[in-house]
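So the structure is just underneath, and the comments pick up after that.
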Amino acid sequence: MRAAPTILHLDMDAFFAAAEQASKPSLRGKPVVVGGLGPRGVVATASYEARRFGVHSAMPMGQARRLAPNAAYLVPRFAFYRAISGQVMELLGRLSPLVEPLSLDEAFVDLEAGGLADDSAGARAVGERLRAQILTTTGLTGSVGLAGSKMLAKIASEEAKPDGLVLIEPGTERALLAPRSVRIIPGVGPATGDHLRRAGITTVAEVVEAGEDELVRILGRSHGASLYRMATGHDDRPVVAERDAKSVSVEDTFDIDLHDRLRIRLEVERLAERCVARLRGSGHSGRTIVLKVRRYDFSTLTRSETLRGPTDDPLVVREAAERLLELVDTTGGVRLLGVGVSGLADYTQEDLFAQAEAEAGGESAEAVAVAEPAEHAAVAPAAAPTATETATRRWAPGHDVRHAVLGAGWVQGSGLGRVTVRFEEPGSTAPGRVRTFAVDDPELEPADPLPLVPGGVTGAEGAAPVVRAGE
């Protein structure tokens, strides 16, 4: 634990949704949900306006639509987000040689290694200056936490949201942590949390009161001792400079061995969904799906399947994990399950297999993302697009287009051979006009995103930053 709050944690505010709102004036101040829009899609990010309705990351998109039926539902533009992330990471790199990205929108920075701060006043000044630079450079806001450890810096950035800065003074850690849920401590997931709850431990103060010996008895030597140190405010984990992500995975250990085959399959499905949420959070896709099974006798088996191309589609990952489960004998009981994705690519693409299947089945494109008045509707419905047209042009809600006469705009929705476009740019002061075209209109073409601020980057520029996954 450091004597000065020189570990900084930056977390961009509702990053994907905020980037969409910044680039689309008509969506500013309105609920926006970004994610997979298919029947099995999940929420990647929800704007703060959407969160008021209960929508949150990793929620099934169908549930989100029921909670916030009038929100704008958009397909992610990952190249655009990565370009903005690159700008932010460049600013962090100017502060210190030790920058540890956790995802596209989140990172730790060791200010001490950069020689920029050695006390609270200096750290606060650096944090405020960073927030101003991010806003000027990207047009977006980020929240900053400052503390003497990584755990507390991350807690502080959560306290600061949205668009704020919180500094935790060294020496105040135990008082701050005491009333919090034990789930706030790194490494305490649902399974460990339930295990502690059954032992009557629900807050950090109760963890400290139980003592290290009791925690070791409940959780084992390594986990119990680590949890006790964290609960007493001791976190000596260093900020580690960025390195290539190799895999993303999640796993759960069960207090009682699972024997029911249906329950085991449902747990694998749930883990696959969590794994994909983490994969998308890091801005990656992957080709190899891995299933880990620890059986009743502590023997551990892994099975893997490599796809034809990288994916971040939850349906594809889930179905692959289920196929792998069929290769494992679980009759004696299962005490641990894990799902992972490896062979990561530094980009995310839509799953080609699911896309081809939808086209072959004659499914129409997504419905209009934002409801429009009747006067904006097409004058007459046209025949559905042919398979060739659909394969060459997929007008995804939220994606950028350019019209030969009307200029830059974005897709609000498409279907029945028509595509509805709102023509506006990030610098517009008022919502743009809406027009509807045939999907094969020769004057309408897909386009690269426009920069959020003059002179800024777009999704077609720059390389993706290196990020760490799995934390």
Side-chain angles (χ1 to χ4, degrees), residues 11-12 15-16 19 34-36 40-45 57-58 75-90 92-93 99-108 189 239-252 268-293 302-324 337-355 459-471:
D11 197 353
M12 298 294 289
F15 182 45
F16 296 172
V34 179
R40 295 180 180 269
V42 296
V43 176
T45 306
S57 298
V75 173
R77 298 184 292 164
F78 284 109
F80 184 47
Y81 309 147
R82 281 194 301 275
I84 300 171
S85 174
Q87 292 180 295
V88 174
M89 296 303 166
E90 181 181 350
L92 298 183
V99 176
E100 183 179 347
L102 305 181
S103 63
L104 291 178
D105 60 342
E106 184 180 4
F108 286 110
V239 176
V240 180
E242 61 187 66
R243 56 178 178 259
D244 290 336
K246 299 185 183 300
S247 65
V248 175
S249 63
V250 295
E251 61 183 45
D252 271 349
V268 167
E269 291 178 357
R270 182 177 60 82
L271 288 166
E273 295 283 357
R274 286 172 51 196
C275 182
V276 169
R278 181 171 290 182
L279 183 72
R280 287 179 166 182
S282 71
H284 284 77
S285 60
R287 294 187 62 208
T288 301
I289 314 303
V290 180
L291 176 71
K292 177 180 177 181
V293 179
T302 58
R303 298 289 184 268
S304 64
E305 176 180 325
T306 299
L307 308 174
R308 287 178 290 171
T311 185
D312 72 341
D313 186 280
L315 175 60
V316 173
V317 175
R318 185 167 63 243
E319 289 182 343
E322 289 173 350
R323 287 193 297 271
L324 294 171
L337 289 169
V339 174
V341 178
S342 62
L344 301 188
D346 61 354
Y347 62 93
T348 304
Q349 64 180 22
E350 293 182 15
D351 179 66
L352 299 179
F353 316 135
Q355 178 178 323
E461 302 172 2
V466 178
V467 300
R468 294 185 63 201
E471 287 201 16

Considering residues at least two apart in sequence or located in another chain, which fulfil the side-chain hydrogen bond (donor to acceptor under 3.5 Å, both in side chains) criterion with [X]?
X	result
Glu106	His9, Lys154
Thr306	Thr288
Ser304	none

Least distance between heavy atoms, [X] atom then [Y] atom:
X	Y	value
Val248	Cys275	O-SG, 3.6 Å
Pro314	Glu273	CB-OE1, 3.7 Å
Ala107	Pro101	CB-CA, 3.7 Å
Gly286	Leu279	N-CD2, 4.3 Å

[atom1] of [X] to [atom2] of [Y]: how many Å apart, nearest 0.5 Å?
X	Y	atom1	atom2	result
Arg274	Glu251	CZ	CD	9.5 Å
Glu319	Ile289	CD	CD1	11.5 Å
Leu344	Asp312	CG	CG	11.0 Å
Lys292	Ser249	NZ	OG	7.5 Å
Met12	Asp105	CE	CG	7.5 Å
Leu307	Ser285	CG	OG	10.0 Å

So, do Val339 and Val290 sit near enough that their side-chain heavy atoms are less than 4.5 Å apart?
no
Using only atom types and a distance under 3.5 Å, with no angle test, would you say the side chain of [X] pairs donor to acceptor with the backbone of [Y]?
X	Y	value
Ser85	Leu104	yes
Arg287	Gly343	no
Glu100	Val240	yes

Taking only residues two or more places apart in sequence or in another chain, which ones pass side-chain contact (heavy atoms from CB on, under 4.5 Å) with [X]?
X	answer
Glu269	Arg265, Leu266, Arg318, Glu322
Ala44	Phe16
Val293	Leu291, Arg295, Val328, Val334, Leu337

For Arg323, what residues pass the salt bridge (Lys or Arg N to Asp or Glu O under 4.0 Å) criterion, not counting sequence neighbours?
Glu305
Return the set of residues passing salt bridge (Lys or Arg N to Asp or Glu O under 4.0 Å) with Asp11 (not counting sequence neighbours), or none when no residue passes.
Lys161
Give the intermediate values and the outcome of side-chain contact (heavy atoms from CB on, under 4.5 Å) for residues Phe15 and Thr45.
CA-CA 7 Å; Phe15 182 45; Thr45 306; 5.7 Å; no
